[in-house]
Amino acid sequence: MKEMQTTYTPGQFEDAIYEKWLKSGAFSAKIDPDKVPFTVMMPPPNVTGQLHIGHALDETMQDIVVRFKRMQGYAVLWQPGVDHASLATEHKIVEKLREEGTTKEELGREEFLRRAWAWKEQYGGRIVEQLKKLGSSCDWSRLAFTMDEKCSRAVREAFFRLYEAGLIYRGSRIINWCPDCKTALSDEEVSWSEDAGHFWYFKYPVEGSDEFLTIATTRPETMLGDTAVAVNPADKRYASLVGKTLILPLVGRRIPVVADSYVDPAFGTGAVKITPAHDPNDFEVGLRHDLPMIRILNDDGTINKEGGVYEGLDRYEARRRIVEDMEKEGLLLKVEAHTHNVGHCHRCNATLEPLVSKQWFVSMQTLAKPAIDAVAKNKTKFTPDRFAKIYYNWLENIRDWCISRQLWWGHRIPVWYCADCGAEVVTPKDDPTVCPHCGGTNLSQDEDCLDTWFSSALWPFSTLGWPEETPEYKYFYPTDVLVTGYDIIPFWVMRMMVSGLRYTKKVPFRDVLIHGLLRDDQGRKMSKSLGNGVDPIEVIQNYGADSLRLALISGVAPGNDTRISNAKFEASRNFLNKIWNASRFVLMNVKEEISEDLSKVKLQPADRWIISHLMTTVREVTLALQKYDLGIAADKVMSFAWEDFCDWYIELSKPALYGTDDERRRQTLSVLLFVLRNTLKLLHPFAPFITEEIWSYLPGNEGLILTADFPRYNSRLAYREEAKSFEGIIELIKAIRAIKVSVNCPPAKKVHVYLVTDPRQLQGVKRLVGLNKQSILRLAGASEVEFSESGEAAGDKTVSQVVSIAHIFVPLGELVNIEEERARIQKELLKVEEEIARASGKLANQNFVAKAPKKLVDDERAKLEKYMDMKQKLAVRLAALA
RNA sequence: GGAAGUUUAGCUCAGCCGGGAGAGCACCUGCCUUACAAGCAGGGGGUCAUAGGUUCGAACCCUAUAACUUCCACCA
């Protein structure tokens, strides 16, 4: 047999274990009509991205569920994949080109895409390798990419169907424009922040008078596009000006004063400059009052020809110059400091400009309704369920989705324009060459790409071959559970629900398991700029993948944000070292073939106790995993393994292992092996590497723990009563230990223990103690334990304690101070009296006795009896010490 | 303005169907006891944010209040 090392050194076996798993083929999903499918779609990380701690949490949670289900015998498909991440990837490539001194426009579309694919090839494998380090047991043979043929086909079909249904349209609307990335963004891609800015008060002259109307603005440069000033219709201050004309300074344009209830009279001056082309609210006002829309910005954020003398200036330079010029004209009234919410590009953080632009949109309202209903009718369930409210909140207030991006890396919009008749041509599969309207051949494809999330929204079924009715699609769809962070609900969860219901008529997943975000040990978000990010690969190197996995999920309630720190990784690592050494202990004692068939073993009380606890743990862990309470499940396994198995059972087993009764030794080993094997199985989904490694050392193993059966609760092994009575022995051992400590008795000094037991219980207790005598002596540090009629046999210099099975007397000679002992007993007595007061108070309450469940009342009576008995014994002892 | 969450030991957090307040870390005491010092044994420490209510019984359910966090809307 191989020898195990004395400490847990994950770095020495994790990679080899992963290879073993891959070779076994157990990650590959197989369609099996005799099995129940269980399907999970991995949220695809960005193809050129790097693994961060958030992925690690997401992956770990999926892997736990998937491994659990695989062990339970489901036909598991965990579909992995990567996302082309149109904007993020293109942004990186553009930056690289900038370093090289060129631009994408200079390269041209074709060359740019060639470079992008090369980039994808270069970095696309990295994230996959990192996922493997975590132990992810997904089916790599099915690795998908959002721009591969399958997914692209699905995108094309989906676009076609929505277009045909009139749910995709092209229009000029106010969108969020990033002047750096030079593309439109959806509302969801805007990140807002409170930025310090200014409020500039400008005076606009009223035509044909000496009067002025004062407005306030945070973006002076937009005045170049002003086509009106609005006031509230109820505002008496400005009533006389409504309908009059102002002369827009610097520009000279004649603009009307209009009345519109959108204006808040209490804010600013109560008069608002209206720039319909550069503000969503102004856009609406413009529509209501039929105002012209004058766009003043180029795509790169410089002023266009509408800006007259300011043409060509960057927006901020223009702002500075305009303020300066207004001041020169005497039209700048004042400047105030002002903080306001400013939208930034979530990718490059540049300040966004709202502007009117012709883009493609998806009408969301009709599509949203089935998605709302599906959750309301519980066809898809959120865990924790409070996230359903967040989901509703989004869908009920949904606005149209801007899906076109002025990018090249992505799915090109499948629309062709006929140069001859101006028609839009959209086809589901092949590119059109002839215009179906006029027969012209002068077709050109839209230059833009689709939002990345358009293809992500199809992920649960595009990866399975939809729109074809493939065997995979029929067997594995709908999927079972989607695991993701709450920050992705609006981007992805919602859109998958919408698309799934629209295209497949089914919910894409039955459960959505939501997790929180990870924060540093001070509760701050992890970010590149703070440099407080935890690199999962580094953690794996230092502590092992299993430590990382345990640290991420143990003690965490679903959906809550989590702080992580090295202290947590250390704690997990220590636990795993414990498991490692416990296994090593068991194995080093196995010197011959040991049967694990418990029906052939004459079980001792301690054996039944640990088996009983194992069964309880099996039941609780299974239940928790089924409810996706991963943190609770992990904690249950861990406390069973460490406390029950290591701290108690292994210690209890030592007398038998080192004793002379060979039959007894072998039987104890049977139990040790049985419990160890099942503990490893319970732990496997959480800590796959170490459990697989130890598994390889276990005798008589065929195959991997990866594909072993998950333990099942067996009522024949529950041993409820036996386990309960054995608790008395544990209580006894603990009490003797405490007695020794209370008088500073050196642990190595063995003590003689006298037990006094109620005559009614004597036979049972004697038998129980007799069966466990060696364990009691060893664990409590005693030389002898004997029964006696009274405590007198122990003499005067004695410390005593009452436990449920006996009154304990330990003579400790010089170590005993009678005064202290009296005080200790008195304190003990006080505690017992409190308990008696509590229990009898409860039982005196007629309502409690009448209304509480019978079992509770009975339990309370039993407790009262027990405490009365303890009180009596303590009182006698106290009197004897007097 | 709308929504969701949090408030429990010194710190970080669990706490399921309402039925004697838990873990890890930290702290104190004693131990290298032949699996493990990444360990063992023993211990101290909590007005479960506040105020009401429901209930025989509330950390848990309801109402209000306070503080903090996040998301959405939005300040021209």
Side-chain angles (χ1 to χ4, degrees), chain A residues 4 6-8 187-188 192 199 215-219 222 230 262-264 267-275 279-282 285 338-341 384 386-387 389-390 392-394 397 486-487 489-490 516-517 521 523 525 543 547 554-557 559-565 567-568 570-589 620 623-624 627 629 631-632 635 638-639 646-647 650-651 654 658 734 737-742 744-748 778-781 835 838-839 842 845-853 855-857 859-860 863:
Chain A
M4 288 178 74
T6 52
T7 43
Y8 161 62
D187 294 338
E188 290 77 18
W192 296 87
F199 230 172
I215 56 89
T217 180
T218 56
R219 293 184 297 157
T222 61
Y262 148 70
V263 180
D264 175 5
F267 191 79
T269 64
V272 188
K273 62 189 270 310
I274 299 298
T275 323
D279 182 278
N281 289 308
D282 292 7
V285 174
H338 181 68
T339 56
H340 56 148
N341 235 353
R386 63 183 144 94
F387 288 103
K389 292 182 205 162
I390 309 271
Y392 292 139
N393 208 270
W394 270 99
N397 300 297
Y486 60 72
D487 52 330
I489 292 173
L517 306 182
D521 55 0
K525 263 189 184 170
Y543 301 95
S547 304
S554 67
V556 176
N560 283 4
D561 287 358
T562 314
R563 298 187 196 199
I564 52 163
S565 59
K568 281 195 180 173
E570 251 169 59
S572 306
R573 193 265 324 263
N574 292 353
F575 166 74
L576 293 168
N577 185 57
K578 189 79 186 173
I579 295 302
W580 182 266
N581 275 290
S583 307
R584 196 163 67 86
F585 170 79
V586 174
L587 292 170
M588 74 201 303
N589 280 289
E620 289 176 345
L623 267 172
K627 287 196 294 183
D629 266 334
I632 287 176
D635 289 347
M638 288 166 78
S639 67
C646 294
D647 289 348
I650 284 185
E651 294 307 320
K654 283 178 180 174
Y658 303 151
K734 286 183 140 186
R737 284 171 175 168
I739 285 171
K740 288 179 71 176
V741 169
S742 74
N744 293 319
C745 173
R778 183 184 175 93
L779 269 61
E835 292 295 343
R838 192 192 55 77
K842 232 172 172 179
N845 183 339
Q846 283 308 310
N847 281 322
F848 173 73
V849 177
K851 292 184 182 175
K855 183 177 182 314
L856 216 64
V857 179
D859 284 355
E860 211 58 49
K863 282 181 209 162

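Just so we're on the same page: letters track the sequence lines, and every chain starts at 1.
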Assign A:Arg219 to base, sugar-phosphate, or nothing according to its heavy-atom contacts below 4.0 angstrom with the strands shown.
-> nothing
Please work out if A:Lys863 contacts a base, only the sugar-phosphate, or nothing of the nucleic acid, heavy-atom cut-off 4.0 Å.
-> base
Do other residues, nucleotides or ligands put more than 12 heavy atoms under 6.0 Å from A:Lys734 NZ?
-> no
Geometric cation-pi criterion A:Lys568 and A:Tyr543, 6.0 Å radius, 45° cone | no
So what does A:Asn397 touch, heavy atoms closer than 4.0 Å: a base, only the sugar-phosphate, or nothing?
-> nothing
Closest to the side chain of A:Phe585, out of B:A35, B:A38, B:G24, is B:A35
Where does the angle between the aromatic ring planes of A:Tyr658 and A:Phe585 fall among parallel (under 30°), tilted (30 to 60°) and perpendicular (over 60°)?
-> perpendicular
Inter-nucleotide P distance (B:U29, B:C62), Å rounded | 46 Å
Length of the line joining A:Trp192:CH2 and B:A73:C1', which is rounded to integer Å = 9 Å
Base, sugar-phosphate alone, or nothing: which one does A:Gly270 contact when heavy atoms must sit under 4.0 Å apart?
-> base
When you get a sec, tell me which of B:A4, B:C56, B:C40 is the closest nucleotide to the side chain of A:Ile390?
-> B:A4
For the student: nearest non-hydrogen atoms of A:Arg219 and A:Thr222, plus distance | O-OG1, 2.7 Å
Out of B:C72, B:A38, B:C36, which has the shortest distance to the side chain of A:Asn581?
-> B:C36
Shortest non-hydrogen contact between A:Val285 and A:Ile274, atoms and distance = CG1-CD1, 4.0 Å
Given atom NZ of A:Lys851 and atom P of B:U55, what is their separation to the nearest angstrom?
-> 8 Å
Starting from P on B:A76, measure out to CG on A:Asp264 and report it in whole angstrom.
-> 12 Å
Can you check whether A:Phe848 reaches A:Val857 side chain to side chain, under 4.5 Å on heavy atoms?
-> yes
Quote, to the nearest angstrom, the C1' distance that separates B:G46 from B:G10.
-> 11 Å
Have a look at A:Ala557 and say if it touches a base, only the backbone sugar-phosphate, or nothing, with a 4.0 Å heavy-atom cut-off.
-> sugar-phosphate
Provide the closest heavy-atom pair for A:Ala624 versus A:Ile632 in the form atom of the first, atom of the second, distance.
-> CB-CG2, 4.2 Å
Rounded off to whole Å, could you give me the NE2-to-C1' distance for the A:His338 and B:A76 pair?
-> 8 Å
Pull up the glycosidic torsion of B:C31 and say syn or anti, syn being anything within 90° of 0.
-> anti
B:G24 P sits how many Å from A:Lys568 NZ, rounded?
-> 14 Å
Starting from P on B:G42, measure out to CD1 on A:Ile739 and report it in whole angstrom.
-> 13 Å
Check whether any side-chain nitrogen or oxygen of A:Arg386 sits under 4.0 Å from OP1 or OP2 of B:A4, and answer yes or no.
-> no
Give a yes or no on whether a donor-acceptor pair under 3.5 Å exists between the nucleobase atoms of B:C36, that is its base, and the side chain of A:Asn577.
-> no
B:A58 versus B:U8 - spacing of their C1' atoms, nearest Å = 14 Å
A:Asn744 vs B:G42: side-chain N/O to OP1/OP2 distance below 4.0 Å = no
Is there a side-chain polar atom (N or O) of A:Lys578 under 4.0 Å from OP1 or OP2 of B:C40?
-> yes
Quote, to the nearest angstrom, the C1' distance that separates B:A49 from B:A67.
-> 8 Å
Phosphate oxygens OP1/OP2 of B:G39: is one of them under 4.0 Å from a side-chain N or O of A:Tyr8?
-> no
Looking for any heavy atom pair under 4.0 Å, which part of the strands does A:Pro853 touch: base, sugar-phosphate only, or nothing?
-> base
Provide the distance between the two P atoms, one in B:G43 and one in B:G5, to the nearest whole Å.
-> 40 Å
Would you indicate which nucleotide in B:G19, B:A41, B:C31 comes nearest to any side-chain atom of A:Pro747?
-> B:C31
If pairing requires Watson-Crick or G-U wobble contacts with both distances under 3.5 Å, which nucleotide is the partner of B:U12?
-> B:A23
Write down the distance separating the P atoms in B:C16 and B:A41, rounded off to the nearest Å.
-> 28 Å
Check the distance between B:U70's C1' and A:Ile489's CD1 and give it to me in whole angstrom.
-> 12 Å
When we call it a touch if two heavy atoms are under 4.0 Å apart, what does A:Ile650 touch: a base, just sugar-phosphate, or nothing?
-> base
Is any NZ, NE, NH1 or NH2 atom of the basic residue among A:Lys863 and A:Asp859 found under 4.0 Å from an Asp or Glu carboxylate oxygen of the other?
-> no
Hey, does A:Tyr262 reach any base, or is it just sugar-phosphate, or nothing, if we go heavy atoms under 4.0 Å?
-> base
Taking only the side-chain heavy atoms of A:Arg563 (C-beta and beyond), determine which of B:C13, B:A41, B:A4 contains the nearest atom.
-> B:C13
Which of the following nucleotides, B:A73, B:C36, B:A76, is nearest to the side chain of A:Arg584?
-> B:C36
Any N or O donor-acceptor pair linking the side chain of A:Arg573 to the base of B:A38 at under 3.5 Å?
-> yes
Shortest non-hydrogen contact from A:Lys578 to A:Cys646?
-> CE-CB, 3.7 Å
Establish, from distance only, whether the side-chain atoms of A:Tyr486 and A:Asp561 form a donor-acceptor pair under 3.5 Å.
-> yes
Which part of the nucleic acid, if any, lies within reach of A:Lys855 when heavy atoms closer than 4.0 Å are counted: base, sugar-phosphate only, or nothing?
-> nothing
Would you say the side chain of A:Glu651 and the base of B:A35 hold a donor-acceptor pair, judged only by whether the two atoms sit under 3.5 Å apart?
-> yes
Phosphate OP1/OP2 of B:G57: any A:Asn847 side-chain N/O under 4.0 Å | no
Check every strand shown and say whether A:Trp580 touches a base, only sugar-phosphate, or nothing at a heavy-atom separation below 4.0 Å.
-> nothing
Within less than 4.0 Å of OP1 or OP2 of B:A35, is there a side-chain N or O belonging to A:Lys654?
-> yes
With respect to the side chain of A:Val272, which nucleotide from B:A35, B:C16, B:A76 is positioned closest?
-> B:A76
Roughly how far apart, to the nearest Å, are B:C72 and B:G57 at atom C1'?
-> 41 Å
Remember a base hit wins even if backbone is also touched, and classify A:Asp859 as base, sugar-phosphate or nothing at under 4.0 Å, heavy atoms.
-> nothing
C1' gap between B:A26 and B:C11, integer Å = 7 Å
Could you work out which one of B:A41, B:A76, B:C71 sits closest to the side chain of A:Phe199?
-> B:A76
Nucleotide B:C36, atom P - distance to CE of A:Met4 in whole Å | 12 Å
Phosphate oxygens OP1/OP2 of B:A76: is one of them under 4.0 Å from a side-chain N or O of A:His340?
-> yes
